[in-house]
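As the structure lists them, so they are numbered: ligands from 1, and atoms in each ligand from 1. For clarity, every value in this text was computed on a predicted model and none was experimentally measured.
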Amino acid sequence: MLREVESLPGRLSSESLFGNGKPLEIEIGSGKGLFLANAAESNPGHNFVGIEIVAKYASHAAARLARAKVENALMICGNAEPLLDGRIESSSLEAVHVYFPDPWWKKKHRKRRVLNPKSIRNISRVLKSGGRFHFWTDVLDYFEQTVELIAEISPELGVPIPEEEIEAEHDLDYRTHFERRSRKNQIPVYRVRYEQRGP
Ligand SMILES: C[S@@+](CC[C@H](N)C(=O)[O-])C[C@H]1O[C@@H](n2cnc3c(N)ncnc32)[C@H](O)[C@@H]1O
């Protein structure tokens with residue numbers, strides 16, 4: 001299913017979006033939706049929401065969910081940042097996933113990065129105790145700066161826990177399309193998970 005921001009309830013939760021109380025996981029920048037479809041299929045006990053700002057990718061991802069016939073996932077077409085800032089209760093999410101966010105290479109454009117001080121504080125705020133934040137990228141500079149930033153401003157996220165590369169068993173057996181592309185081109189991928197320690 002594809003939801004436009006205007007059609008969303010005021011507060012985003014499993015109850016308001018899916019009508020049940022399952023743990024909720026959110027992905028920021030879902031692209032073509034490979035992660036979301038696989039995660040929803042293999043974790044029917046959780047709900048998954050993908051937020052993607054580019055309409056054609058959001059539609060592509062929603063079509064993938066429809067083909068997979070999953071009822072525990074939906075796509076939102078819109079900007080994740082204001083949703084994360086004002087529409088999600090504190091300590092309410094099981095996980096936030098950010099895979100291969102746009103790098104914005106030029107220094108003057110770095111403030112456009114989806115992982116910035118405000119969004120990191122919000123990610124930490126919305127995660128419940130023990131909730132996970134997964135961050136993977138192939139941009140070393142983005143990886144290092146984000147790890148440093150988290151240590152500085154959100155120590156309650158704990159220490160970065162490395163996540164293993166898993167051997168692909170078939171051509172789409174990757175966390176996301178961008179992971180697939182990087183690995184096929186022998187580009188190193190940096191993967192971490194944080195686990196919220198807060199109350
Ligand atoms: C480099 S792509 C990676 C896509 C996917 N995560 C993957 O690994 O294959 C980054 C994605 O984030 C989306 N994006 C960028 N800023 C966003 C924002 N503020 N809110 C939602 N999506 C965003 C882009 O449109 C793009 O699809």
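Within the 4.0 Å heavy-atom shell around ligand 1 one finds G78.
For atom 19 (N) of ligand 1, the nearest non-hydrogen atom of the protein is N79 OD1, 2.8 Å. Closest to atom 3 (C) of ligand 1, if we only count protein heavy atoms, is F100 O, 3.2 Å. Protein heavy atom closest to atom 20 (N) of ligand 1, with residue, atom name and distance, is A80 N, 2.9 Å. Closest to atom 4 (C) of ligand 1 among all protein heavy atoms lies G29 O, 3.6 Å. With respect to atom 15 (C) of ligand 1, the closest heavy atom belonging to the protein is D102 OD2, 3.4 Å. For atom 9 (O) of ligand 1, the closest non-hydrogen atom on the protein side is F178 N, 3.0 Å. With hydrogens left out, the protein atom closest to atom 22 (N) of ligand 1 is I53 N, 3.2 Å, a heavy atom.
For ligand 1, the atoms closer than 4.0 angstrom to any heavy atom of H177 are 9 (O). Against a heavy-atom cut-off of under 4.0 Å, Y57 is close to the following atoms of ligand 1: 27 (O).
The aromatic rings of F135 and F143 lie parallel to each other, their planes meeting at an angle below 30°, with 60° marking the opposite boundary. Using a 30° and 60° split on the angle between ring planes, H134 and H97 fall in the parallel class, below 30°.
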Run the side-chain donor-acceptor check on residues 113-121: report pairs under 3.5 Å with partners two or more places apart or on a different chain.
| from | atom 1 | to | atom 2 | distance (Å) |
| --- | --- | --- | --- | --- |
| R113 | NE | P103 | O | 2.7 |
| R113 | NH2 | P103 | O | 3.0 |
| R113 | NH2 | D141 | OD2 | 2.9 |
| N116 | OD1 | K118 | N | 3.1 |
| N116 | OD1 | S119 | N | 2.8 |
| N116 | OD1 | S119 | OG | 3.3 |
| N116 | ND2 | E81 | OE1 | 3.1 |
| N116 | ND2 | R113 | O | 2.9 |
| K118 | NZ | D85 | OD2 | 3.3 |
| S119 | OG | V114 | O | 2.7 |
| S119 | OG | N116 | N | 3.0 |
| S119 | OG | N116 | O | 3.2 |

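Under the 4.5 Å side-chain heavy-atom criterion for Ile, Leu, Val, Met, Phe, Trp and Tyr, I28 and V147 are members of the same hydrophobic cluster.
Contact record, F133 with V98: CE1-CG2, 3.7 Å, taken as the closest heavy-atom pair.
The pair D138-R181 fails the salt-bridge criterion, with no side-chain N (NZ, NE, NH1 or NH2) lying under 4.0 Å from an Asp/Glu carboxylate O.
Counting only N and O atoms by type, the side chains of S90 and R125 include a donor and acceptor under 3.5 Å apart. Of the N and O atoms on the side chains of Y194 and R132, not one donor lies less than 3.5 Å from an acceptor on the other residue.
In this structure the side chain of S92 never reaches within 4.5 angstrom of the side chain of L24, judged on heavy atoms.
For atom 13 (C) of ligand 1, the nearest non-hydrogen atom from the set H97, H60, E52 belongs to E52.
Residue-to-ligand polar distances place Y99 within reach of ligand 1: an N/O pair is separated by less than 3.5 Å. Annotation: T176 places an N or O atom under 3.5 Å from an N or O atom of ligand 1; distance criterion only.
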